[in-house]
A.B. asks: 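Please find one structure pasted underneath; my questions will follow.
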Amino acid sequence: MSEPLPPGSVQFYDGYRPGLDAGTYELSAVQSVDGVDTGAYFGPRTQTFTVDAPRFVLDAGDVGEMYPPANSSGDFGATLPSIVLNRRTLPWERHLGADSSDPAEPWLALLLLRSDELPPGPALHTGTVAQFLDASDPHERPPAIAADKLSAQVLATQMTSLSLHRRLFTAIAPAAGEARLLAHVRRTDTASRAAGQADRDGWHAVVVANRRPAPPPGSGGTGSAHLACLVSLEGHAVDLPGVGGAPADGGDGGDVRLRLAVLASWSFTSNPAGGGDIGRLLAGLAPAVSAGPEALLPRIPVPPSAPPSAALTRLRQGFAALDYRLPTGEQTFAWYRGPFTPYPAQPLPGPTDGTPHYATASEVTVYSQSDGVFDVSYAVAFEAGRLAALADRGFAVAMVNARRSAFQIVAKLQARAGSPLFANLRPVLPVPPAPTPPPGPEVSAADLLAVHSRNAFGELLAGGMGDQLTSVLTGPPAPPSPPMVVSPGTAAAAVIAGLLPPPSALYLGGGGFDEGFDAAHLSSAEPVEPAEPPAPPRPSDPDLPTGFIPGRPGWPGRDGLDPVEQLRYLLSRTDVQDLLADHARGPAADPATGWLAELALLHRIPFRHLIPDERMLPVESMRFFYLDSGWIAALIDGALSIGVEGSRDLELHQAMSRPLVEIVAAKVGAVRADHRNRPDLAVPTGGAEAAGTGASTAAGLATPPTPPTPTTPQGPPGSGGLPDIPGRPDRPDPGPDAIPLPQQRTGLLLRSAVVAGWPGLAVEASAGGRPVPLLRLDRLSDTVLLALFDSVPDTVTLTEPWHGLHFGFSDGGGEAGGGEGSGEGGGGGLVLRRPDGTELNARFPAAGQPGLHAAFTRPGDPSVLRVHDLADALQARLAELLPGTEVPMGPALFATELLASAHQLTLHHTAPAPRET
């Protein structure tokens, strides 16, 4: 994979030829032996193979952006329509004819037809390839393609075709050799674009029309409908017009109609009064001056004259009133707000039972006693996460497996902690240079898990213990042998085999089983004094859990203990929590944490949960928001709650949730990189941070006004007019039990035709001049785009897709892409560029010279360019401006000179916004 380009950059290439052209090939092989006459034994061997390529039908995934967008209406009179193909080799995978001498000539062309030029009835016809190649009609000529060389499967394929009078075809089609200048390849960076099939590697082929939209003669310049068709020129080489657009054979073709294969088509209307061009669409997204920047916040609009009230405050905070049925059957309403908030939300307080995570939706259902209304925002988040988890069998299995493997670790610790074999492991015989044992439990959880009895006993036997025992029992006394060196794990195995003194007589260094022991004990005949048993703990010990067995400090035994208390005590130890954290980072939990990281970025969440009321995101609007981390925390808790059935599961769930959530927080930044297979898009995100660390810059780059203080006393000052309910999710003081939140994150929602017409719309954000990383950038529907930023930006820019930049002319004095009326009277010009794309301080044609629409169009039709003549004139002019610089006018340079400037919309914030109160 090649290195990605710098953000916002694009490279142009003349073309991209495939390794083998489409067709049938024969591979021959001959074998011989030097000096040996093998006769015909090693005769030649041949193998026939076929390289296939699209011919009559294109896969939908091969077609990208179209300009002008399909079904749009806008000021397109000064542009050349174009189509982006997601396969860079596509225009050169076939040739115009079997004996074509120019492999750089593409077999595709983009034809533009006005509505008055189309035949009555349906303009496009659908049929099989066999019907398309049928030459029985003397008035309609198909392409010169031999049907008898096609397979029956190809002949039965459904396709779309178009019949044009040869006179019209020669008037609007590219002349011989011009199609080469109208097709090129672009490579662009995809980091700031939404994911899609078009962004697989950033390579695209672009085919441009040689005709601009223009109204019919005598129409007075009003809007006109057009049909753009990507057609195959294969088999029609003899029908292409000559240089200048004249018919190739000198005649008009009579009544003969040419049958053309249409691989893609779309309609649009060119109308100076329309608003479907990208410039006007982007400009329309900015709020009116009278509305103010608060119009960019996700909330239901309220009348400015509305009297202050608790309900008004809720609406200003982004809540919506939804129908709600109580468990007892009464019908009422409840407040609901999704994860997108106009102000930074207050931290979500922790559960009242002291556990780190919520276990049910009812725990996060808020009830306002003063007005008798429920707030179900976080309860809905919990249930949304739970339902998403239950709906995905892969995650449910992964979560159950991760929890099962974690419980196996805990069960092993419980079994070994209650076994006399592992009791009271502590140093009794100091062996220099033994380290001083650290304070705390004598044996860590990791030490207990590190003992593999069966393997360790095998190590003892392999180390010579078996031979020594056999020699002692069957043979004469042997001379003393050197002490055997035994590893810590081997010591435990020897204890199990009864070959060593009990653990209380062994020396284990301060690191437990990570240290050695005195191997001299193996051969010493002197008895080892056992260590004194520890004094039983006093019943008044404050740290002693209920049911703790005296005599076993550090680990609870099994006899007489309440199982839940024993498990809770075990899970409260820091070393056990470290083991669970290591397990959460391991392969057993990796599928589950990866899925949860996607959920944390709101994948798989219904859009109605994000925006509960359409008035929060009307048509042709954008909304900036803060991401409510409390809502995300409840969402994750809901997903983690599946499979929790008994008290054992609940205890393990609470112990595992925190390390899992921290791993998820670290993986969130890699979700987009994994989806795009672009490691460079990964964002470094850490675990949970302290609550209340979010920045206070206004979401949406706007400055929402401070909500008015209600006149009716509803709560204490600073409470936003709502009663100060204990446990309220948005209470001003979250308390020390608040759920830890990540850094403040923000986002953008865009609902506009610009998303449908320009799917590769680039979104970039920055703060203080530095880029703000994108965590997610996806099209949620044909017209809705979602962007999530890792922090709070102060600048957001929407840019026309680099791979879909269109071609256009200025009106002679303005910017490229002027009005449709510029086509009349010989207007139109270009801003010249160097071969590297930087602009020159020069225009073409120069001041005082005829415009493009007069000097470089075909006689009788000023909408069709004479591409060859224009390319030659551009090359001559660039040679004058850049003396000594070679400027070969190929498709890439020709496209560079005709590019219109990219449209952009940039928004800046003005001042910080207050936090939600």
Side-chain angles (χ1 to χ4, degrees), residues 1-3 11 13-59 61-62 85-109 128-135 141-159 176-177 179-181 183-187 200-205 207 230-240 261 263 677 888 890-892:
M1 180 178 176
S2 57
E3 290 294 326
Q11 293 177 344
Y13 299 85
D14 287 342
Y16 204 101
R17 291 283 310 282
L20 284 177
D21 297 329
T24 301
Y25 296 84
E26 185 177 89
L27 184 65
S28 300
V30 178
Q31 186 176 1
S32 62
V33 180
D34 292 343
V36 179
D37 184 8
T38 59
Y41 184 79
F42 294 116
R45 297 291 186 267
T46 60
Q47 178 68 47
T48 301
F49 66 93
T50 301
V51 176
D52 200 5
R55 197 169 197 176
F56 304 104
V57 179
L58 275 187
D59 187 272
D62 290 333
L85 303 175
N86 298 331
R87 243 167 68 177
R88 54 183 163 179
T89 59
L90 189 56
W92 300 275
E93 292 178 357
R94 294 190 177 275
H95 300 299
L96 298 184
D99 56 349
S100 176
S101 58
D102 187 3
E105 190 79 5
W107 65 286
L108 298 174
T128 64
V129 173
Q131 295 170 335
F132 172 71
L133 297 178
D134 182 15
R141 177 150 53 86
I145 298 176
D148 57 351
K149 294 185 178 180
L150 302 178
S151 66
Q153 181 180 3
V154 173
L155 290 174
T157 303
Q158 292 286 323
M159 60 168 295
R180 185 180 69 87
L181 292 168
H184 64 278
V185 170
R186 298 180 191 175
R187 183 188 176 215
R200 290 170 294 188
D201 52 13
W203 289 90
H204 307 272
V207 180
L230 181 68
V231 301
S232 169
L233 299 180
E234 184 184 11
H236 286 295
V238 298
D239 300 311
L240 293 177
L263 290 90
N677 195 23

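This is a predicted model, so every value here is computed, not measured. Sequential numbering from 1 along the given sequence is applied to the chain's residues.
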A.B. asks: If only atom types and distance count, is the side chain of T50 paired as donor or acceptor with the main-chain N or O of D52 below 3.5 Å?
C.D. replies: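 Looks like no, no N/O pair under 3.5 Å.
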A.B. asks: Quick one: does W107's side chain have a donor or acceptor within less than 3.5 Å of a partner on G235's backbone?
C.D. replies: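 No, W107 side chain to G235 backbone: no donor-acceptor pair under 3.5 Å.
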A.B. asks: I need the minimum non-hydrogen distance between D239 and R141, along with the two atoms involved.
C.D. replies: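 Of all heavy-atom pairs spanning D239 and R141, the closest is OD1-NH2, 2.9 Å.
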A.B. asks: Ignoring hydrogens, what is the shortest heavy-atom contact between L85 and P91? Give both atom names and the distance.
C.D. replies: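 Taking L85 first and P91 second, the nearest heavy atoms are CD1-CG, 4.1 Å.
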A.B. asks: Can a donor-acceptor pair be found, under 3.5 Å and without considering hydrogens, that links the side chain of R94 to the backbone of S232?
C.D. replies: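 A pair under 3.5 Å: no.
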A.B. asks: Find the distance between OH (Y13) and NE2 (H184) and round it off to the nearest 0.5 Å.
C.D. replies: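 NE2 of H184 is found 12.0 Å from OH of Y13.
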A.B. asks: Would you check if L233 and L240 make a side-chain contact, meaning some heavy-atom pair closer than 4.5 Å?
C.D. replies: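 Contact flag for L233/L240 side chains = yes.
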A.B. asks: For side-chain contact (heavy atoms from CB on, under 4.5 Å), just list the numbers for V57 and Q158, CA-CA rounded to whole Å, side-chain angles, deciding distance to a tenth of an Å, and then say yes or no.
C.D. replies: CA-CA 8 Å; V57 179; Q158 292 286 323; over 6 Å; no
A.B. asks: R180 and P891: which non-hydrogen atoms are nearest, and at how many Å?
C.D. replies: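 So the two residues come closest at O-CG, 3.0 Å.
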A.B. asks: At their closest point, which heavy atom of V30 faces which heavy atom of P44, and how far apart are they?
C.D. replies: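 Shortest heavy-atom contact: CG2-CB, 3.8 Å.
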A.B. asks: Can you name the nearest heavy-atom pair linking A179 to E105, along with the distance?
C.D. replies: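 Scanning both residues, the minimum pair turns out to be CB-OE2, 3.5 Å.
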A.B. asks: Parallel, tilted or perpendicular: which one describes the rings of F49 and Y25, with boundaries at 30° and 60°?
C.D. replies: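 Rings of F49 and Y25: parallel, as their planes differ by under 30°.
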A.B. asks: Please tell me if the side chains of L90 and L58 come closer than 4.5 Å, counting only heavy atoms from C-beta onward.
C.D. replies: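 Yes, close enough: below the 4.5 Å cut-off.
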A.B. asks: Looking only at heavy atoms, what is the nearest atom pair of A53 and A22, with distance?
C.D. replies: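 Smallest heavy-atom distance, with atoms named: CB-CB, 3.6 Å.
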A.B. asks: Show your reasoning for whether side-chain contact (heavy atoms from CB on, under 4.5 Å) applies to L230 and V207.
C.D. replies: CA-CA 8 Å; L230 181 68; V207 180; 4.1 Å; yes
A.B. asks: Take L150 and V129 through the test side-chain contact (heavy atoms from CB on, under 4.5 Å) and record every step on the way to the result.
C.D. replies: CA-CA 10 Å; L150 302 178; V129 173; 4.2 Å; yes
A.B. asks: Just so I know, are the side chains of T128 and M159 near enough to count as touching, which here means a heavy-atom distance under 4.5 Å?
C.D. replies: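 With C-beta onward as the side chain, the pair stays apart.
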A.B. asks: Only one of L263, I145, L155 passes side-chain contact (heavy atoms from CB on, under 4.5 Å) with F56; say which it is.
C.D. replies: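 Only one of L263, I145, L155 forms a side-chain contact (heavy atoms from CB on, under 4.5 Å) with F56, namely I145.
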A.B. asks: Please confirm whether the ring centroid of W92 lies under 6.0 Å from the ring centroid of Y16.
C.D. replies: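 Not close enough - the centres of the two rings lie 6.0 Å or further apart.
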A.B. asks: After noting the C-alpha distance and the side-chain angles of H95 and E234, does the key distance pass the side-chain contact (heavy atoms from CB on, under 4.5 Å) rule?
C.D. replies: CA-CA 6 Å; H95 300 299; E234 184 184 11; over 6 Å; no
A.B. asks: Taking the basic N atoms (NZ, or NE/NH1/NH2) and the acidic carboxylate oxygens, is any pair closer than 4.0 Å for R186 and D14?
C.D. replies: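 No, no charged N to carboxylate O under 4.0 Å.
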A.B. asks: Could you tell me whether the side chain of P143 reaches within less than 4.5 Å of the side chain of L133, counting heavy atoms only?
C.D. replies: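 The answer is yes, as the side chains (C-beta and beyond) meet within the 4.5 Å cut-off.
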A.B. asks: Under 4.0 Å between a side-chain nitrogen and a carboxylate oxygen: does that hold for R17 and E93?
C.D. replies: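 The answer is no: the pair does not qualify as a salt bridge.
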A.B. asks: For E26, is the CD atom crowded, meaning more than 12 foreign heavy atoms sit under 6.0 Å from it?
C.D. replies: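 Enclosed: over 12 neighbouring heavy atoms sit under 6.0 Å from CD of E26.
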